[in-house]
Amino acid sequence: MRTRLLLMLVLSLSVLVAPATRAQLPQRDDDQIIIVPSFGFDSIMPAERWGPIRFTITSPQRHLVGLLSLTYPQDGSQAFVASMPVTLTAGTPTAIDFAVCLPRSVDRMTLAMQNDRGRPIFTETFRISGSGGPLADLSATFVPPSLVDQRITILSLGIDDLQQAGDLWSRSLFVPSIWSSGPQNEPLEFEQRYRVSTLAPESAFAAWPAYQGLVALVADASSLGRLPERVRRELLHYLQGGGTLILRVDDNSDVWRRWLPASSHWDVLTLDERRPVEVPGGLAARVPPRAKAAGLFTADSLETASSITARAVRLTSRSAQLGFEPLWPIDDQRSLAARGPVGFGTLIVLGYDPAHLSALRSASGAAAGWAATLDAVITHDRSPGGTVWSYQYSSGASIANTQSIAALVDSAVVGGGISVLALVLVVLMLIALAVAIGPFDAIFLKLRGKRHWSWLTASGWITLFSGFMLVFPELQHSDISVLTRSVMTDALLDENANAIVSWKTGLNVAYAGQNGLIGPLDERAGAWWRGVSPLQNWYFDGSKPTLSPLRALQQPLPGPDGARASCLLQLPSQRVWTVRATMDCAPDLPPIVARLERSGSAYTVHLGQADLRITSLRVLAGSQPLEARSARPGQSISLVPYVPFNRDDDPSPTSTAPSQRDSVISALPAGYLADLPGPDERTHAILQMLKAGHYALVAIEYETDHPDLRLIGAERTRCIGAVRLLVPIIDSAPESSP
């Protein structure tokens, strides 16, 4: 009888264990998932700026449908998880694109896939050998990326001769390091500063953040015909959001106009038919000095061609108003190229082929011609605002970014935190635990003759006190949850105060007074989220984050222009007494609009209706800053000269900006907000349009009880912001004499 029961028990256990055993068996070799990662452009990725990662995944035998997730440590407090619904067809390589914002000290990345029931399909981790080091090469198909603080990549969209030039320059490429023994301020040649990468048009990324880390994007107008509409639209968003696009017009068609936004506002250029023109002296003199970096022995071995086939560029009246300028004039009306702001980015139109500038028709000649052109037209800030140490673990691509994030987070944390009484109670409980495990157990058990049970009583005391410490925060918390949203908006308006281009960057700080969900809810098409941290420690262990992972779903969402790729935050949960900071960026409407009228030397600003309280309004028209002593939405206000004051006495976190790069901008509001990632890139275009004289800058600081996003889980919310409005100056009609 006992034998039968034993056999039945063994049989039952084998039936239960067999499925689990089969589930743990390794996959067959012919069913192994193949993952080939491609980081950035030629494995160069900017630190603390958005960049692309493309995973080419092949499932040899099975069709797979599920959720693909990429996980990496975002900062010293939290990991970031970007998820995307995917479908893998058996035997067919599928390219999956993620746009990520990697920190300098990222130590690992994990790619995992789950099916629709939440069961894991595969997981692969790419590790880093050390803080700030290269990614470990775990497979023959894995190319370790290089994280750089300075954006050194110029991306060529299908221009082969530029790639050949980049190959010649790469041997002289030198990325300055803070550890180098040479002079820190030694100027570098163009070929030493930048690296060229080439991307086939059919492989372009359909998300604007993928290009944010570039110095510039160079493309042929004809390559536009090979781009899907979604990619073209995202490239336009990249340009208008602060990017640089260098457009080579290589045929007689008008297809180049499709690179401009679809609005008569951008009727800025006309191009003549292709014909030979004389190379202007200013451009011709730039080519021979590039001979050595192009692989030639001396500059004497390279001459500039006397003429070049080109489409001469003509500027319209609108282009002068926007701040466009001719480059290398041919005569009073025509030039070989033009440069100016489009939205908050920079567009350079080349009516000629730089590869033909040199009389030497070879790879070296093309390299010299491209270097002469790109070095002259690229306006990228070549002197970043301060050194950011590669081992410093804090958010921000520059010192200005880091200081801005730290100041805004510090000003937003207004919770009371742990009381002194609670801290005293915790200390007393720890002392009581030590006494209970030590002297109390030793004396009490010895008197009863049961010292051999001390292992059990010690475990009991530890369990009891651990349980108390687990529920202690819930019993003792004496604060409320606070959610602060700080918003910076840049907008270009037309004469009717309609927004032509508008971008918004938000910094959100959640202080949890109790456990639960807290944060903003976002459904905007084209919005991208990430985590940030003000921590500035010199060593970081990414395996021990203090907060739960920050999760975002990356997928196209419907919008007025069709599907827009977004990376939207999923509402996070926080433990009591913790602080989480997140950042978002999206093309979005400004909270308030304005019109500016000029009558002689007097200016009047007309504000639109808005549900906010204006705390500061200043205007820059020409070189004289103006201000309104008091302002409300919907009013027409006469402006008076702005009188500076001691900004150290102003407690507003948006009003102190020690790192402002331009005295004109620093005279206006939005201090720390203007140094956030995103607004800092748009400042250059703002200055260009102000310099043209047709536009004025209306800068407004405000507070509001009705934020632009829905804020969840906080008993108290605080919403502050600033908006920089570029508005055309309208001259009022003179009054007729009686």
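Nothing fancy with the numbering, it's 1 onward along the sequence.
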Asks: Any donor and acceptor pair, going by atom type alone, linking the side chain of Gln78 with main-chain N or O of Ala581 inside 3.5 Å?
Replies: yes

Asks: Below 4.0 angstrom, N of the basic side chain to O of the carboxylate: do Arg274 and Asp353 qualify?
Replies: no

Asks: Side chains of Ile33 and Met113: does their closest heavy-atom pair fall under 4.5 Å?
Replies: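 No, too far: nothing below the 4.5 Å cut-off.
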
Asks: Mark yes or no for whether Arg339, through its side chain, and Leu327, through its backbone, hold a donor-acceptor pair below 3.5 Å.
Replies: no

Asks: Phe324 and Pro341: which non-hydrogen atoms are nearest, and at how many Å?
Replies: CE1-O, 3.3 Å

Asks: Are the side chains of Arg724 and Pro679 in touch, meaning some heavy atoms are under 4.5 Å apart?
Replies: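 Yes; the side chains approach each other to less than 4.5 Å.
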
Asks: With a 4.5 Å cut-off on side-chain heavy atoms, are Ser156 and Trp370 touching?
Replies: no

Asks: Return yes if a side-chain donor-acceptor contact under 3.5 Å exists between Ser69 and Arg551, otherwise no.
Replies: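 Side-chain D/A pair, Ser69 to Arg551: absent.
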
Asks: When you look at Asp680 and Arg49, which way does the salt bridge (Lys or Arg N to Asp or Glu O under 4.0 Å) test go after all the steps?
Replies: CA-CA 12 Å; Asp680 64 335; Arg49 297 281 186 187; 3.0 Å; yes

Asks: Check step by step if ring-ring contact (aromatic ring centres under 6.0 Å, His included) holds for Tyr194 and Trp169.
Replies: CA-CA 9 Å; Tyr194 300 131; Trp169 301 340; 9.2 Å; no

Asks: Taking the side chain as every heavy atom from C-beta outward, state whether Trp528 and Cys585 have any atom pair closer than 4.5 Å.
Replies: no

Asks: Between the side chain of Thr58 and the main-chain N/O of Pro60, is any donor-acceptor distance below 3.5 Å?
Replies: no

Asks: So do Ile53 and Phe55 actually touch side chain to side chain, heavy atoms under 4.5 Å?
Replies: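 They are in contact (side-chain heavy atoms under 4.5 Å apart), so the answer is yes.
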
Asks: Would you call Thr582 and Arg530 a side-chain contact if the rule is heavy atoms closer than 4.5 Å?
Replies: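 Side-chain contact under 4.5 Å: no.
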
Asks: Tell me yes or no: between the side chains of Gln164 and Asp160, is some donor less than 3.5 Å from an acceptor?
Replies: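 No - no donor-acceptor pair under 3.5 Å links their side chains.
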
Asks: Between the side chain of Thr373 and the main-chain N/O of Gly369, is any donor-acceptor distance below 3.5 Å?
Replies: yes

Asks: Verify, without hydrogens or angle tests, whether Asp251 (side chain) and Ser253 (backbone) share a donor-acceptor contact under 3.5 angstrom.
Replies: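 Yes: the side chain of Asp251 pairs with the backbone of Ser253.
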
Asks: Please determine whether a side-chain nitrogen of the Lys or Arg among Asp588 and Arg564 lies less than 4.0 Å from a carboxylate oxygen of the Asp or Glu.
Replies: no

Asks: Looking at Ala82, is its backbone amide N or carbonyl O close enough to the side chain of Gln554 to form a donor-acceptor pair, meaning the two atoms are under 3.5 Å apart?
Replies: no

Asks: Distance check, rounded to the nearest 0.5 Å: Arg318 atom CZ versus His694 atom NE2?
Replies: 5.5 Å

Asks: If I take atom CZ from residue Arg248 and atom CG from residue Leu157, how far apart are they, to the nearest 0.5 angstrom?
Replies: 11.5 Å

Asks: Is it true that a side-chain atom of Thr89 and a backbone atom of Thr92 form a donor plus acceptor pair closer than 3.5 Å?
Replies: no

Asks: Taking Tyr211 for the side chain and Phe205 for the main chain, is one N or O donor matched with an acceptor at less than 3.5 Å?
Replies: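 Looks like yes, one N/O pair under 3.5 Å.
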
Asks: If I take atom CZ from residue Arg258 and atom CG from residue Leu227, how far apart are they, to the nearest 0.5 angstrom?
Replies: 9.0 Å

Asks: Donor-acceptor check, side chain of Ser59 to backbone of Ala90, threshold 3.5 angstrom: yes or no?
Replies: no

Asks: Mark yes or no for whether Arg311, through its side chain, and Asp272, through its backbone, hold a donor-acceptor pair below 3.5 Å.
Replies: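 Checking the backbone N and O of Asp272 against the side chain of Arg311, a donor-acceptor pair under 3.5 Å is found.
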
